[in-house]
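Encoded as structure tokens, the structure appears first; notes follow it.
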There are 2 protein chains.
Amino acid sequence: MDGELKELLTDLKTLKSSLPDRSHYALIEKMQSCLEHLSTTATSRPAQRTKIKDMSAQVVDSNPYSRLMALQRMGIVDNYERIREFSVAIVGIGGVGSVAAEMLTRCGIGRLLLYDYDTVELANMNRLFFRPEQAGMTKTDAAVQTLSDINPDVVLESYTLNITTVQGFETFMSSLRNKSFCPSKEGCGVDLVLSCVDNYEARMVVNQACNELNQTWMESGVSENAVSGHIQLLVPGETACFACAPPLVVASGIDERTLKREGVCAASLPTTMGVVAGLLVQNTLKYLLKFGHVTPYLGYNALKDYFPTMEMKPNPQCSNSACLERQKEYALAKPARDAAAKTKMEAEAPSETECLHEDNEWNISVVDDTDLQGPDVGKISGALPEGLIHELPSADEFQKPPVSEESANPVDDLEDLKRLLEALNAD
Amino acid sequence: MDGELKELLTDLKTLKSSLPDRSHYALIEKMQSCLEHLSTTATSRPAQRTKIKDMSAQVVDSNPYSRLMALQRMGIVDNYERIREFSVAIVGIGGVGSVAAEMLTRCGIGRLLLYDYDTVELANMNRLFFRPEQAGMTKTDAAVQTLSDINPDVVLESYTLNITTVQGFETFMSSLRNKSFCPSKEGCGVDLVLSCVDNYEARMVVNQACNELNQTWMESGVSENAVSGHIQLLVPGETACFACAPPLVVASGIDERTLKREGVCAASLPTTMGVVAGLLVQNTLKYLLKFGHVTPYLGYNALKDYFPTMEMKPNPQCSNSACLERQKEYALAKPARDAAAKTKMEAEAPSETECLHEDNEWNISVVDDTDLQGPDVGKISGALPEGLIHELPSADEFQKPPVSEESANPVDDLEDLKRLLEALNAD
């Protein structure tokens, strides 16, 4: 708009100078000042922040990453900047998915892939993220609009499609496989898939895709009465897949979509969805940046503030054939995994020759006490097995009544002890 | 802006018609189409939703309250619409407070009072809520801008002040006392105060105000390393106040504000702050709308997904004199509280004559077994205390070998039993 207003101003000046007389000057000057006012006040789009090439830890008000880079100084994360290398796919940009997308965007994630087929409605305004003026836009378009304003450094890819259709599933799969953002990456093109959908059918489709692609994912959900939710980590072959252990309650015998029929809707709260999104993205950050413990399953009961956890092994009778393949691969890779774990453990164990203290004023050393102890150590009297002698005096020796100075030279004894200690230290 | 563009178009038409020849028509027509394009695309402010007089449970896409009113149909909340009667004060509109304000706004809270003295900076963009184009605005102004767009039904009052100054504290107190929003309300003018500040001094000020006003409040906090947080309910006189049990770790011997000194900042994450805000507002909703259990203290350890809870009684040696006064009042009101609790329990207890099951095919009734049981019940032989007889045959009777048909009439026995049961049911 700024450009158009400037062009109008130029045109008006041209017009003014080319007019034969001054009779229209007053009107033209009025239009001129009106245009000038418009160009100073009007902004078709609010001022955005510019892209930032490198994440900096500098503590200035203008640095959007200072509070995140501080995680390194606090010892929580080793290398926060690695977050720019990661791609996360979010399926379902509703009450949980949109907030998860905003959190990852504000954390400076490298790339977000967003999937949804729905449009924003005023009826969604009881959850965070979407704004009333976005009503009517597709959720993906509205999300890209908001997220790119918040952080232009994040690469956003949006897919306005239904993954449960044949065509939608194909596009979903090929977008997950696409490795152009990070060609050197192992496996497929994303680091994690977050399922934030609101129905069983879509969850089973995400499960199918991730089992086929051997892609780790996290599932999330909120109950229809709005007061409980959960997140779950799914590693194909290693943990239960969504088909191994389906939820305890699913719509049975009826089309799930009838739950959305005219006149009936599920309850929802911005609180429950915000908490679930927060727990989901927190575990995403822990998983990607390797800190803390990634929880395999975490429930949230809002009425009681109760947070159950559990772990689920894969089901050897799982109905999903791709899951069974991943289970087989996981079992076959066990020796390699064990070896790697052993190597890692050895690398992390402190070296035996490592010097713990630079100074050693008292000449203290740790000795292997297996040489010094035996069944007969400490006995003053009694025959030792052949070839063995007492190297050190027994503790009992010191409990004897002190001998007179004439009969023993304590200085010589101390000198002997010192020599003995030195000999031991020399080992 | 729309008006200005229309005026410009009119002026241009006037100019066109008053020109002596057509030599300038091309230029004027170009300007005309440019202005027309501007007026169709330009909107100085996006379309807002209009205010809604009554909350409706109608399930249509245009109803922003349908998913909240569904909480009634789901049996979670008795009367959701009551939320419009409540006033909540939020002190500190930062990473937790701003998200708490947005959640309450989307829930349709009656009135929000917002307190902060700070301005929005790009360095705040790693948390939810504020947008980069708001950098430089006060947090209160930016919050009112965003929140009134989201839900124009909420009455927003913003106070750009520091509650730890003398003048700020006075304004804070008088704003809490103001009952013009709901003059019939007992106590002061707000239903709950949420403390979302980031320092000990401000928490002590909120504590002082709430103890003086006998105002229930909730405290929240997030650790400096960004990976833990807590919420806490404080009811003056009934629970520990903030001075009764100060946090285990506080800045000691140094000015807290030096924590914000040049070059050093605390870490923060949108996840932890979103979770804490979600838990805080969830407990706010439970407290205001009377459902579920309001948790007295809830911690959040993000590294382990561990959520400790506890309860804290007030400290009879508390250093805060207003707290001691509230403790005294609470102790004095114990008899009235006990009587009210008894009345409530009696009102809620099921009536003894209440019929649990309409049909009773087997004529089963529950009898008071104190009449039937005693030290000698079940003994066939042996004298009973004087005046007592066995009303029912002992279970031992049925373990006796069956008697012959000649010596007893089983039909008669069954008839006797039936009469006995009927007599009992008639009681």
Side-chain angles (χ1 to χ4, degrees), chain A residues 1 4 8 11 15 24 27 31 34 38 42 44 46-49 59 61-64 66-68 70-71 74 76 102-103 106-107 121-123 125-126 128 131-133 149-150 225-227 263-268 270-271 274-275 278-279 281-282 285 292-293 295 298 302-305 307, chain B residues 1 4 8 11 14-15 24 27 31 34 38 42 46-49 59 61-64 66-68 70-71 74 76 102-103 106-107 121-123 125-126 128 131-133 149-150 225-227 263-268 270-271 274-275 278-279 281-282 285 292-293 295 298 302-305 307:
Chain A
M1 172 185 277
E4 281 174 307
L8 276 167
D11 290 347
L15 186 70
H24 298 93
L27 185 62
M31 288 169 75
C34 184
L38 273 178
S44 62
Q48 303 305 304
R49 83 157 168 84
V59 181
D61 287 343
S62 58
N63 179 8
S66 57
R67 263 70 159 174
L68 295 165
L71 289 165
M74 296 274 176
I76 303 295
E102 180 172 348
M103 287 173 171
R106 291 185 183 265
C107 283
E121 307 291 353
L122 282 185
M125 291 308 132
N126 68 320
L128 299 179
R131 299 188 304 267
E133 71 263 24
D149 278 3
I150 290 172
N225 66 3
V227 286
V264 180
C265 69
S268 59
T271 44
V275 168
L279 298 174
V281 177
Q282 196 82 281
L285 295 175
H293 169 73
T295 305
L298 177 63
L303 295 182
K304 295 179 182 172
D305 281 329
F307 300 82
Chain B
M1 173 185 279
E4 282 174 307
L8 274 168
D11 290 347
T14 313
L15 185 71
H24 299 92
L27 185 60
M31 288 169 75
C34 184
L38 273 177
Q48 302 304 304
R49 83 158 168 86
V59 181
D61 286 344
S62 58
N63 179 7
S66 57
R67 263 69 160 175
L68 295 165
L71 288 165
M74 296 273 176
I76 303 295
E102 180 172 348
M103 286 174 171
R106 290 184 183 266
C107 283
E121 306 292 353
L122 282 184
M125 292 307 133
N126 68 320
L128 298 180
R131 299 187 304 268
E133 71 264 23
D149 278 2
I150 289 172
N225 66 4
V227 286
V264 179
C265 69
S268 59
T271 44
V275 169
L279 298 173
V281 177
Q282 196 82 282
L285 295 175
H293 169 74
T295 305
L298 177 62
L303 295 181
K304 294 179 182 172
D305 281 329
F307 300 83

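Each chain gets a letter, A, B and so on, in the order its sequence line appears, and its residues count up from 1. Side chains are part of it too, since the values below use all heavy atoms of this structure and drop only hydrogens, waters and symmetry mates.
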Okay, B:N63 and chain A: the region with an atom under 4.5 Å from a heavy atom over there is backbone

Flag side-chain contact, heavy atom, 4.5 Å: B:R49 against A:L122 = yes

Highest number of heavy-atom pairs under 4.5 Å with chain B among A:N225, A:D305, A:V281, A:V275 belongs to A:D305

Under 4.5 Å to a heavy atom of chain B? For A:L68 that would be both

Those residues at least two apart in sequence (or on a different chain) that pass salt bridge (charged side-chain N to carboxylate O under 4.0 Å, His left out) with B:D61 are none

Residue set satisfying salt bridge (charged side-chain N to carboxylate O under 4.0 Å, His left out) with A:R67, at least two apart, ordered chain then number -> none

Original post:
So do the side chains of B:M103 and A:L128 get within less than 4.5 Å of each other, counting heavy atoms only?
Top reply: yes

- prompt: Can you find a heavy atom in the side chain of A:R131 that is under 4.5 Å from one in the side chain of B:D149?
  reply: no

So CD1 of B:I150 and CG of A:N126: to nearest 0.5 Å the spacing works out to 12.0 Å

Chain A shares the most heavy-atom pairs under 4.5 Å, among B:H24, B:H293, B:E102, with B:H24

Whatever's closer than 4.5 Å to a heavy atom in chain B on A:L279 counts as both

* To do: With the side chain counted from C-beta on, respond yes when B:L15 and A:L15 share a heavy-atom pair under 4.5 Å apart, and no when they do not.
  => yes

Interface check, chain A: of B:G274, B:P64, B:G292, most non-hydrogen pairs under 4.5 Å belong to B:P64

Answer key: most heavy-atom pairs under 4.5 Å with chain A among B:C107, B:G278, B:A267, B:S66 is B:A267

Turns out that what part of B:L27 lies under 4.5 Å from chain A's heavy atoms comes down to side chain

Minimal heavy-atom distance between B:C265 and A:M74, with the atoms involved, is O-CE, 4.0 Å

